[in-house]
Amino acid sequence: ANFNYITPYSHPLVHGLVILLIILATLKKWDEAKQTKWLWVIGLFFGLAIISKIEIAFTSISVIGAYFTAYLFDKKNILNKKYLIIIPVAAVLSIISVILLLTLKIPLATAVSGIFHQWIMMFDNRMSLLNTMYYVKHNMGTDNPSGNIIQIIKLGFLYTCLILGIIFISFLFKKIKKNKLFISIFLALTTFFISKKIVPDHVWFIITKPLPMIMTIAFGFLIWQKIKNKKMPNNNSSYAVNMASFVFAGTMLLKIFLNSRITGYGFVLAMPATLLTIIILIDWLPEYLNNYSAGWSFRAIIIGILMALSFFYIQDSNLLYAYRNFFYYGAGNKNIIRTDQKRGHIIQETTAKLNSLMGPNDSFTVLPEGLMLNFLLKRKSSTPYLGFMPDLFIRYDEKEIINSFIKNRPDFIVIIHKKTIEYFLPFFGKDYAVDLNGWIMDNYRTVWQTKEKPLEPETIFGAAILQYAGQP
């Protein structure tokens with residue numbers, strides 16, 4: 001959490017998650033009060049979700065659709081048609097407001113294109129091309145679908161056996177009437193220490209693999225409860241709110257359905273399903289077992305396992321930081337970044353040299369990745385792109401990218417060593433972006449370079465500064 005939510009892998013996903021949680025909470029508010037002001041709030045945030053990442057947009061549509069479908073499924077509920085109009089109207093107003101705010105800084109056409117860029121990509125086949133890249137396929141699990149499905153089934157079976165074993169152990173304590181608190185603490189601590197011994201290292205990469213199976217079973221159970229006209233245990237929410245919650249968790253998992261994890265993009269995509277699973281294990285399932293006086297002991301054992309998993313995470317994080325000799329850039333001022341010694345010294349050396357070369361109005365762009373340098377030196381990049389990784393050249397035509405350089409020519413270009421082997425295209429200018437690199441070589445000259453030349457196979461880390469050498 002310290003990495004993923006403070007300095008996240010993807011800011012739009014974190015922002016989108018907050019938007020979705022607000023939509024879900026506001027749906028619950030409307031469900032309870034039936035006040036139209038909550039529908040306006042839902043609509044405003046729905047508009048923000050639509051112009052967020054595709055995953056967030058699709059989930060928001062699914063959540064709102066699932067809620068009102070389940071709401072109307074209950075025959076005693078009547079939905080006034082005007083309610084259905086408020087949400088889309090508010091969403092359109094929200095989108096227009098964002099566009100108008102953006103036009104204060106950028107042209108209207110650029111603002112509209114940027115906001116709807118992902119939707120445009122869906123309809124012109126570029127999104128499909130991105131999904132064929134090995135890096136993306138591996139993250140989604142589509143690189144080995146049969147193997148991932150088998151692993152999900154195996155882990156699901158293992159988890160089922162584990163839960164049944166814990167239920168069996170819980171029944172051994174059902175006759176105990178006194179000192180339940182102390183026994184619960186004892187069970188939790190005992191489970192904690194046993195789990196520490198038997199749970200394998202680096203469990204984070206597979207622990208959430210069965211989440212799609214768990215959510216499917218839980219979703220089916222929710223429908224069964226409705227058919228039987230029963231409520232979920234310890235749950236005062238309506239059937240429609242519960243349905244929206246499960247659809248929220250399940251839809252967020254779709255992109256990583258075959259490779260569900262809490263690393264990479266999974267820190268957001270798997271989070272709702274992970275939390276729902278924890279609620280099921282420490283609240284709903286123990287409540288059912290309380291009918292047999294076994295719920296309290298089951299909960300204690302589950303808490304012990306969760307404590308052990310939390311300990312493993314903290315331990316892994318501690319080991320990561322303890323065994324690395326970090327370099328702190330900008331100590332003594334607000335611009336502090338932490339990295340390894342080699343990279344840190346090169347970043348410091350590069351920014352110092354670049355600062356000495358640039359005039360007060362000069363601009364620079366970092367390739368293939370390194371926008372942080374612009375932030376550290378408080379200088380704008382002359383191009384509208386955040387980075388120049390292989391996926392950018394699928395999202396945009398390379399000629400369009402080159403034209404952005406020609407139209408807003410940077411005075412300096414910084415080349416940072418970055419291997420992109422996860423895309424199976426190791427180096428910028430050699431394995432991809434060849435035309436862009438050719439234009440740069442024709443118009444810029446190297447004025448400074450580290451001992452290790454960037455973008456070479458044997459280089460660990462390096463940088464080079466290029467200055468415009470063409471006609472003013």
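By convention here, the first residue in the shown sequence is residue 1.
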Rounded to the nearest 0.5 Å, what separates atom CG in N403 from atom CG in L436?
11.0 Å
Evaluate the criterion side-chain contact (heavy atoms from CB on, under 4.5 Å) for residue pair I23 and F248; output intermediate values, then yes/no.
CA-CA 10 Å; I23 290 174; F248 169 41; over 6 Å; no
With under 30° as parallel and over 60° as perpendicular, where do the rings of F246 and W284 fit, or are they tilted in between?
tilted
Is a side-chain donor-acceptor pair under 3.5 Å present for S237 with K28?
yes
Is it the case that the side chain of T103 and the backbone of L100 share a donor-acceptor pair, with hydrogens and angles ignored and the cut-off at 3.5 Å?
yes
Below 4.5 Å, heavy atoms only, C-beta onward: do F427 and I421 meet side chain to side chain?
no
Just by distance, with hydrogens left out, do N148 and K209 show a side-chain donor and acceptor under 3.5 Å apart?
yes
Taking the inter-plane angle between the rings of F311 and F192 on a 0 to 90° scale, is it parallel (under 30°), tilted (30 to 60°) or perpendicular (over 60°)?
perpendicular
To the nearest 0.5 Å, how far apart are CG in L425 and CE in M389?
10.5 Å
Would you say that more than 12 heavy atoms from the other residues, nucleotides or ligands in this model lie under 6.0 Å from the NZ of K419, or not?
yes
Report yes if the side chains of V63 and T251 come closer than 4.5 Å at any heavy-atom pair, otherwise no.
no
Gap separating the OG atom of S170 from the CD1 atom of I302, nearest 0.5 angstrom:
8.0 Å
Minimum heavy-atom distance between A270 and L253, given as atom pair plus value
CA-CD2, 3.9 Å
Return yes if some donor-acceptor pair links the side-chain N/O of S260 with the main-chain N/O of I256 below 3.5 Å, else return no.
no
Among P272, S52, S60, find the one that has a side-chain contact (heavy atoms from CB on, under 4.5 Å) with L20.
S60
Quick one: closest heavy-atom pair of M252 and L17, and the distance?
CE-CD1, 4.2 Å
Check: P368 and T420 side chains under 4.5 Å, non-hydrogen atoms
no
Does L27 reach the side chain of V241, with side-chain heavy atoms less than 4.5 Å apart?
no
Mind running side-chain contact (heavy atoms from CB on, under 4.5 Å) on I402 and K399 for me, showing each step along the way?
CA-CA 5 Å; I402 294 172; K399 290 181 180 179; 5.6 Å; no
Give a yes or no on whether the backbone of K255 and the side-chain of E55 come within a donor-acceptor separation of less than 3.5 Å.
no
Testing the basics here: between A244 and A66, what is the closest heavy-atom pair and its distance to 0.1 Å?
CA-CB, 4.5 Å
Is S113 reaching over with its side chain to a backbone N or O of A109, donor-acceptor style, under 3.5 angstrom?
no
Counting N and O atoms only, with roles assigned by atom type, does the side chain of N291 sit under 3.5 Å from a partner on the main chain of Y288, one being a donor and the other an acceptor?
yes
Measure from the ring center of Y396 to the ring center of H117 and say whether it is less than 6.0 Å.
yes
Note, K180 side chain near S297 side chain (heavy atom, < 4.5 Å):
no
Can you name the nearest heavy-atom pair linking S245 to L276, along with the distance?
O-CD1, 3.8 Å
Atom NZ of residue position K380 - does it have more than 12 heavy atoms of other residues, nucleotides or ligands inside 6.0 Å?
no
What pair of heavy atoms forms the shortest contact from E369 to I416, and how long is it?
O-CB, 3.8 Å
I need the minimum non-hydrogen distance between A240 and A70, along with the two atoms involved.
CA-CB, 3.6 Å
pair F219-T216: side-chain heavy atoms closer than 4.5 Å
no
Tell me, please, whether Y239 has K226 positioned over its six-membered ring: NZ or CZ under 6.0 Å from the ring centre and within 45 degrees of its axis?
yes
Walk me through whether F388 and F393 qualify under side-chain contact (heavy atoms from CB on, under 4.5 Å).
CA-CA 8 Å; F388 299 86; F393 295 86; 4.3 Å; yes
Please identify which of these residues, I176, L289, L181, meets the side-chain contact (heavy atoms from CB on, under 4.5 Å) condition with W296.
I176
Quick check for you: to the nearest 0.5 Å, what is the distance between I163 atom CD1 and I166 atom CD1?
4.5 Å
Answer yes or no: is there a side-chain heavy-atom contact under 4.5 Å between L93 and W40?
yes
So, the side chain of N259 versus the backbone of H138: is there a donor-acceptor pair under 3.5 Å, distance only?
yes
Side chain R299, main chain I282, donor-acceptor under 3.5 Å
yes
Any donor-acceptor pair under 3.5 Å from N179 side chain to F182 backbone:
no
Pair F405-T365, side-chain contact (heavy atoms from CB on, under 4.5 Å): steps then yes or no:
CA-CA 9 Å; F405 275 82; T365 298; 4.2 Å; yes
Using only atom types and a distance under 3.5 Å, with no angle test, would you say the side chain of S94 pairs donor to acceptor with the backbone of G47?
no
In Å and rounded to the nearest 0.5 Å, what is the OG to OH distance from S404 to Y385?
4.5 Å
How many angstroms lie between OG1 in T274 and CD1 in I279, if you round to the nearest 0.5 Å?
11.0 Å
Any side-chain donor-acceptor pair under 3.5 Å between S381 and N374?
no
Relative to F157, does K154 satisfy both conditions: NZ or CZ under 6.0 angstrom from the six-membered ring centre, and within 45 degrees of the ring's axis?
no
Would you find more than 12 non-hydrogen atoms of other residues, nucleotides or ligands less than 6.0 Å from F58 atom CZ?
no
If only atom types and distance count, is the side chain of Y159 paired as donor or acceptor with the main-chain N or O of I207 below 3.5 Å?
yes
Side chains of F46 and I19, heavy atoms from C-beta outward: is any pair under 4.5 Å?
no
Flag for D31-Y67: side-chain donor and acceptor within less than 3.5 Å:
yes
Can you confirm if the aromatic rings of Y432 and F428 lie within a centre distance of less than 6.0 Å?
yes
Within 6.0 angstrom of F186 CZ, more than 12 heavy atoms from elsewhere:
no
Check whether NZ of the Lys or CZ of the Arg K34 lies under 6.0 Å from the centre of the six-membered ring of W30 and within 45 degrees of that ring's axis.
yes
